[in-house]
Amino acid sequence: METSWPCEFQSFEDLDFVLCEDKPKTVRAVGLAVNLPGVRWLDDSELDTLEVQERKRVEELNRQIAELRARLGCHEQRRCRFRRELLRRRFASSALGQLMGSAVPPFLAAPDVLHWLAASPAAAAQLCCFPMTSDAGNQDAPRMRLHHLRSLRAGLVFGAAQAVVASLHWPAVETISLDLGLTSWSKLLEALWEAQKDEETFTKAAVELRGLKALAVTFPAERSITTLQQWHCAAPQLCKLGELLAQAPLQELVLTDLRSTQMLTAALASPSSHLLRVCRASFIGPESRRHPLMLPTSLPSLQCLMVQYRDFREQRASRQERMHVLAAPLLACLCSVREPTQLRVLALSGIAVDGTTEETAALLHGLSAFGGLVAVALRFSVPTTFRTLLPLRSLIELRHSWPLVGHFALGEQSLHGFDYWPQQMTDFQQLYPEGGVPEPFKVFCTEFRHVVVTQYGSTAEQVWMRLTSQQQNFWAQIAKLLPAMPHSEVRQRVAEIFPSCI
């Protein structure tokens with residue numbers, strides 16, 4: 001027997017009573033119409049909407065969890081580094097550490113020896129136990145093979161510096177890290193220069209830096225009478241160092257807070273600069289901008305060119321006077337790159353690109369060949385740069401040539417693009433507060449609205465409507481990159497892409 005109850009129940013308890021009430025075994029319920037007051041049943045579309053919202057919440061939580069895990073990993077790495085550094089300092093101050101520091105040539109700093117021991121005990125043992133004989137011109141003088149010269153003891157006098165030059169097998173040196181805040185380095189460079197000129201005592205090959213692959217030069221950033229005197233003492237030695245690099249197969253050059261560009265110019269102009277891959281330089285003070293930055297016409301192996309300038313004055317970088325680089329030599333230098341897609345970083349911060357409208361326009365057109373760029377920062381001297389130099393169509397094509405660049409910004413005379421969110425600029429949450437993958441049109445507006453309105457007299461909507469579906473799809477791909485891009489800055493990003501051995 002089949003039956004149905006079209007009833008209206010006042011509560012779930014009444015419904016439960018009916019369902020649990022004993023009924024004859026021959027009775028089978030085939031339908032039950034339930035109507036509870038105050039309860040609204042959701043239809044299928046509403047359930048689908050709730051499911052989509054819940055899925056988005058889960059995705060956002062997963063993204064936040066992944067970000068927190070990444071931060072935790074970074075903090076753990078920093079904690080490990082700090083722990084190792086603390087242990088190293090404790091060991092260096094112990095009796096055993098001082099004894100081990102005295103077991104190596106006396107001109108080397110003990111902390112550097114400890115770094116070697118941590119990295120390769122065999123290399124330290126070779127340094128201490130296996131002196132090498134020099135070249136044929138000076139067979140009687142024993143020489144030591146030292147591959148990495150990172151630090152010197154403070155207060156090294158000129159006589160001791162000469163002894164250092166005579167005791168090392170310089171063609172074996174692969175990396176040098178100079179801190180010109182110490183006068184010891186100036187003494188060493190002067191002694192090395194004199195050794196190259198003293199053909200009676202040294203053969204030239206014995207003191208050539210034929211194996212030098214990486215060089216770092218650092219100078220104190222503070223502004224004081226003391227640092228000014230240190231710079232006047234170190235500057236002549238830097239000029240000599242530039243000449244010493246003539247035979248060095250440099251692949252990495254790092255200059256930090258120098259007061260003049262002469263060292264960079266000499267290093268880039270050396271005959272072996274065709275091997276240079278990474279060039280990172282920062283300058284400070286008015287002397288650096290006295291002359292335009294001179295770039296060579298050929299750097300075929302270049303993958304990173306990052307040059308920064310800042311003034312001593314504590315004010316915004318946009319209001320400071322800038323260093324200058326000429327557009328034509330910059331274009332010639334970039335065009336010499338053997339594999340254009342291998343150029344990853346082109347960042348000239350605090351530097352204005354000078355030149356005629358034709359030279360600057362040629363530079364902008366030439367940038368489209370470097371499709372592997374992940375960081376680009378350029379500022380031009382031509383007023384209303386893009387309207388003067390490029391049709392809007394060419395500017396959009398230039399943007400299409402950098403698919404790895406997520407954050408892209410155009411100013412009146414500047415162009416910036418990065419595959420990360422710059423820490424000192426706006427971030428994803430501020431630009432796209434709704435979260436998730438933004439609409440392609442909104443991404444296009446963020447990048448081009450200002451320049452289209454101010455320089456081309458149009459609107460972003462009108463330009464977007466004229467784009468083909470393939471062109472619009474480019475910003476759809478960029479929109480997918482934006483939510484996952486990390487916060488960073490150019491120095492940190494370069495260090496990630498090109499891990500330094502110095």
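Two rings, from Trp475 and Phe441, have their centers 6.0 Å or more apart.
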For residues 363-374, which side-chain donor-acceptor pairs fall under 3.5 Å, sequence neighbours excluded?
{"residue": "Ser368", "atom": "OG", "partner": "His365", "partner atom": "O", "Å": "2.8"}

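For the residue pair Arg289/Tyr309, the side-chain donor-acceptor check at 3.5 Å is satisfied. One side chain, Glu412 or His450, offers a donor N or O that lies under 3.5 Å from an acceptor on the other.
Salt-bridge annotation for Arg57 and Glu60: absent, with no side-chain N of the basic residue lying under 4.0 Å from a carboxylate O of the acidic one.
Contacts of Arg290 classified as side chain to side chain donor-acceptor pair (under 3.5 Å), with partners at least two apart in sequence or in another chain: none. Listed by chain and number, the residues in a side-chain contact (heavy atoms from CB on, under 4.5 Å) with Glu59 are Arg55 (sequence neighbours excluded). Not counting sequence neighbours, Ser270 has no partner by the side chain to side chain donor-acceptor pair (under 3.5 Å) test. When the side-chain contact (heavy atoms from CB on, under 4.5 Å) test is applied to Glu358, the partners found at least two apart in sequence or on another chain are Thr356. Here Glu76 pairs with Arg79, Cys80 under the side-chain contact (heavy atoms from CB on, under 4.5 Å) rule; sequence neighbours left out. Legend: residues meeting side chain to side chain donor-acceptor pair (under 3.5 Å) with Ser298, ordered by chain and number and at least two apart, are absent. For Thr261, the side-chain contact (heavy atoms from CB on, under 4.5 Å) test picks out Thr265, Phe283, Leu293, Met323, with sequence neighbours left out. With sequence neighbours left out, the side chain to side chain donor-acceptor pair (under 3.5 Å) criterion links Arg491 to Gln308.
Around CD of Gln262, the count of heavy atoms belonging to other residues, nucleotides or ligands within 6.0 Å does not exceed 12. Residue His291 qualifies as open at atom NE2: its count of foreign heavy atoms under 6.0 Å is 12 or below. When the shell of 6.0 Å around CZ of Arg63 is examined, it contains more than 12 heavy atoms from other residues, nucleotides or ligands. Applying the 6.0 Å contact sphere to CE of Met485 captures more than 12 heavy atoms from other residues, nucleotides or ligands. Around the CD atom of Gln470, the shell of radius 6.0 Å holds no more than 12 heavy atoms that belong to other residues, nucleotides or ligands.
A donor-acceptor pair is defined here as one N or O able to donate and one able to accept, closer than 3.5 Å; such a pair exists between the side chain of Asn62 and the backbone of Val58. No side-chain donor-acceptor contact under 3.5 Å links Trp421 to the backbone of Glu489. In this structure, Tyr420 contributes its side chain and His407 its backbone to no donor-acceptor pair below 3.5 Å. A side-chain donor-acceptor contact under 3.5 Å links Thr459 to the backbone of Gln462. With hydrogens and angles ignored, the 3.5 Å screen pairs a side-chain donor or acceptor of Gln413 with a backbone N or O of Phe380. Counting only distance, with no hydrogens or angles, the side chain of Thr256 and the backbone of Thr218 share no donor-acceptor pair below 3.5 Å.
Rounding to the nearest 0.5 Å gives a distance of 7.5 Å between OG of Ser282 and CG of Leu255. In this structure, the separation between CD on Gln251 and CG on Leu212 is 10.0 Å, given to the nearest 0.5 Å. Between the CZ atom in Phe498 and the SG atom in Cys279 there is a gap of 11.5 Å [rounded to 0.5 Å]. Of the inter-residue distances, the one linking Glu51 atom CD with Glu54 atom CD reads 9.5 Å to the nearest 0.5 angstrom. Summarising the geometry, atom CZ belonging to Arg310 is positioned 3.5 Å from atom CD1 belonging to Ile284; distances are rounded to the nearest 0.5 Å. A distance of 7.5 Å separates SG of Cys304 from CG of Leu302, quoted to the nearest 0.5 Å.
Residues Pro220 and Asp257 form no side-chain contact, since every pair of their non-hydrogen atoms from C-beta on lies 4.5 Å or further apart. In this structure, the side chains of Leu398 and Leu415 come closer than 4.5 Å at one or more pairs of heavy atoms. Counting heavy atoms from C-beta on, the side chains of Arg466 and Ser458 come closer than 4.5 Å. For the pair Leu346 and Leu334, the minimum side-chain heavy-atom distance is below 4.5 Å. Counting only heavy atoms from C-beta outward, the side chains of Tyr456 and Phe386 approach each other to under 4.5 Å. No side-chain heavy atom of Glu252 sits less than 4.5 Å from a side-chain heavy atom of Arg277. Contact of the Trp464 side chain with the Gln472 side chain is registered, since non-hydrogen atoms from C-beta on lie closer than 4.5 Å. The shortest distance between side-chain heavy atoms of Leu275 and Leu250 does not fall below 4.5 Å.
Residue pairs meeting the salt bridge (charged side-chain N to carboxylate O under 4.0 Å, His left out) criterion with at least one member in residues 436-457, sequence neighbours excluded: Arg399-Glu447, Glu434-Lys442, Arg449-Glu461. Note on residues 343-354: pairs passing side chain to side chain donor-acceptor pair (under 3.5 Å), not counting sequence neighbours, are His324-Asp354, Asp354-Ser381. Within the structure, salt bridge (charged side-chain N to carboxylate O under 4.0 Å, His left out) contacts touching residues 492-502 (residues at least two apart or in different chains) are Asp419-Arg493, Arg493-Glu496.
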